[in-house]
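I have a structure I would like to understand better, so I am pasting it below and will then ask my questions one at a time.
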Amino acid sequence: MAVRVEAAAFDPGAELSAFARGRTDIGAIVTFTGIVRDDGGLRRLEIEHYPGMTERAIAAIEAEAVARWNLHDSLVIHRFGALAPGAPIMMVATAAPHRGDAFAAAEFLMDYLKSRAPFWKREVTGSGAAWVAAKEADEDALGRWQD
Amino acid sequence: MAVRVEAAAFDPGAELSAFARGRTDIGAIVTFTGIVRDDGGLRRLEIEHYPGMTERAIAAIEAEAVARWNLHDSLVIHRFGALAPGAPIMMVATAAPHRGDAFAAAEFLMDYLKSRAPFWKREVTGSGAAWVAAKEADEDALGRWQD
Amino acid sequence: MIDVLYFAWVRERIGLPKERLDTGAATVADLVSELRAREERYEAAFADLSALRVAVDQQLTTFDAPLAGAREVAFFPPMTGG
Amino acid sequence: MIDVLYFAWVRERIGLPKERLDTGAATVADLVSELRAREERYEAAFADLSALRVAVDQQLTTFDAPLAGAREVAFFPPMTGG
């Protein structure tokens, strides 16, 4: 289990290679990579976070995933600061004996990171800057994980 | 959309890097990597396939995924021949504007590849070799994609 | 003339990966009946059709599929890829 | 004494990221009432509590949470990470 909250750029491919290396006890690795999407006119995305709470919140979400599924490992990376269109924002990786656990845990981590980890996105375009509003769909997505 | 059926080893990290490169139109990339899992005593996994039909079957499954979800790209790699424990067997990658589509399409591709692409696995241990039996759970998994 | 292909343990039981047959079989099931009548190894391979899958011209199909115009038929166990 | 932190547009409206307050507020809601009474910029930031989230000592909580023993309270909009 690893959590990295960092300003520096990361390479999702290099992260997957390192995460996969030397494992013979698992059958499935799932990764999710979030990319800065430019729907037109985006100059940069700025991500603010809450140092200290961010790491705690993500570690709690990871611990919950480990309790729910048969996971052998997980990784969460999330950047903050200014990001260019096309740049990786964040990445989740899960390693499990079976694919069902790896997929479910990765989706769970994403759903909770979206709505429970203290990050805020601000889009800067040629005409100004605006905080990204939370989507109701993201909050609703948590519903499927309630027992 | 790309399909590769090959004997050679591949590097999932390098594949993810190449798949992600230069995209600004998508927000989500999901990958699944299948690894040769050693539950104890496995010397190698041998994968037989049906050349010609394999590529056709995978292309048909990819086309179905593209018709169902808002996907901008997908990649399927599947090895055949002899594989050592820990080696990547296969990989699926999906690129989409939103994470829900990327996750659903990757799971769909996996479920169909498991039961509809003509591959057969044979486990070689110190005490002999045995064809891997199809799991009912894999066949059942297709049920969730029926309309 | 039709190419008949065998994979995995079907190939092992029959003892060859491929053969070319002159058959008048109207359906896959008719072809299976012809094969079973030939030799014990075919009878062994085709004993339980529920454990087998069939493709005609590289498309998965069922045992009642017609063979008219088909160039290639393949028999194999349920797939275990991924 | 308690540290009060503001993030995203809450920080922008109030005009600072953090301040140290001497408060006798029993709950988060009481603290919010105190802040709103201070200045217009606080009133503007806390006008709609349904648009805000709060964490006490870095744990998400609700506005009726007690502040006894708390060292740090943070106010911010719904999160938009991932």
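To find a chain, count down the sequence lines: A is the first, B the second, and so on, and within it residues start at 1. Computed from a prediction, not measured in an experiment: that's the story for all the values here. Basis for what follows: all heavy atoms, side chains included, without hydrogens, waters or symmetry-related copies.
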message = Distance alone, cut at 3.5 Å: any donor-acceptor contact between the side chains of D:E19 and D:Y6?
response =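 A pair is found: one side chain offers a donor N or O, the other an acceptor, under 3.5 Å apart.
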key: chain D-proximal positions within residues 115-136 of chain A [heavy-atom distance under 4.5 Å]   =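 At a heavy-atom separation under 4.5 Å, chain D is reached by A:S115, A:R116, A:A117, A:P118, A:F119, A:W120, A:K121, A:R122, A:W131, A:V132, A:A133, A:A134.
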message = What verdict does the side chain to side chain contact (heavy atoms under 4.5 Å, CB included) test give for A:M90 and A:F32, after you've listed the backbone C-alpha separation in whole Å, the side-chain angles of each residue and the deciding distance to 0.1 Å?
response = CA-CA 8 Å; A:M90 53 84 62; A:F32 176 89; 3.9 Å; yes
key: D:T27 and D:D64, any side-chain heavy atoms less than 4.5 Å apart   =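 No, side chains not in contact.
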key: Euclidean distance, A:K114 NZ relative to A:L109 CG, rounded to 0.5 Å   =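 Atom-to-atom, A:L109:CG and A:K114:NZ are 13.5 Å apart.
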key: Parallel, tilted or perpendicular: ring planes of D:F63 versus D:F75, cut at 30 and 60 degrees   =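 D:F63 vs D:F75 ring planes: parallel.
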task = Provide the closest heavy-atom pair for D:L52 versus D:A45 in the form atom of the first, atom of the second, distance.
result =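 Reported closest heavy-atom pair: CD1-O, 3.6 Å.
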inquiry  = Once rounded to the nearest 0.5 Å, what's the spacing between atom CZ of D:R20 and atom CD of D:E72?
reply    =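 Nearest 0.5 Å value for the CZ-CD distance: 10.5 Å.
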message = Do D:L21 and D:L31 make a side-chain contact, defined as non-hydrogen atoms from C-beta onward lying under 4.5 Å apart?
response =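 A side-chain contact under 4.5 Å exists here.
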key: Side-chain (D:D57) to main-chain (D:R71) donor-acceptor, under 3.5 angstrom   =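 A pair under 3.5 Å: yes.
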message = To check you understand the geometry: which heavy-atom pair defines the closest contact between D:D30 and D:A25, and what is its length?
response =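 Between these two residues, the closest heavy atoms are CB-CB, 3.7 Å.
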inquiry  = Looking at chain A, which one of D:F7, D:F76, D:W9 has the largest number of heavy-atom pairs inside 4.5 Å, strictly under?
reply    =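 The residue among D:F7, D:F76, D:W9 with the greatest pair count is D:F7.
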Side chains of residues 77-87 of chain A: which donor-acceptor pairs under 3.5 Å do they make with residues two or more places apart or in other chains?
residue, atom, partner, partner atom, Å
A:H78, NE2, D:G82, N, 3.0
A:R79, NE, A:A7, O, 3.2
A:R79, NE, A:A8, O, 3.1
A:R79, NH2, A:A7, O, 3.0

message = Is there a side-chain contact between A:E15 and A:T33 in this structure, where contact means two heavy atoms from C-beta onward sitting under 4.5 Å apart?
response =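 No, their side chains stay 4.5 Å or more apart.
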message = Non-hydrogen contacts under 4.5 angstrom with chain D: give the residues of residues 96-107 of chain A involved, or none if there are none.
response =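 Listed by number, there are no contacting residues, so the answer is none.
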query = By a 4.5 Å heavy-atom criterion (distance strictly below it), what part of D:R11 contacts chain A: side chain, backbone, both, or neither?
reply =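 Contact with chain A is through the side chain of D:R11 alone.
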request  = Check each atom of D:A55 against the heavy atoms of chain A and say whether the ones under 4.5 Å are side chain, backbone, both or neither.
outcome  =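 Just the side chain, heavy atoms under 4.5 Å.
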Contact check, side chains of A:D138 and D:M79, non-hydrogen atoms, under 4.5 Å =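 With C-beta onward as the side chain, the pair stays apart.
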query = When only heavy atoms count and the cut-off is under 4.5 Å, which of residues 44-75 of chain A reach chain D?
reply =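 Under the 4.5 Å heavy-atom cut-off, A:E48, A:H49, A:Y50, A:P51, A:G52, A:M53, A:R56 qualify.
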query = Is A:R23 paired with A:D25 through a side-chain N to carboxylate O contact shorter than 4.0 Å?
reply =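 So A:D25 does not pair with A:R23 through a salt bridge.
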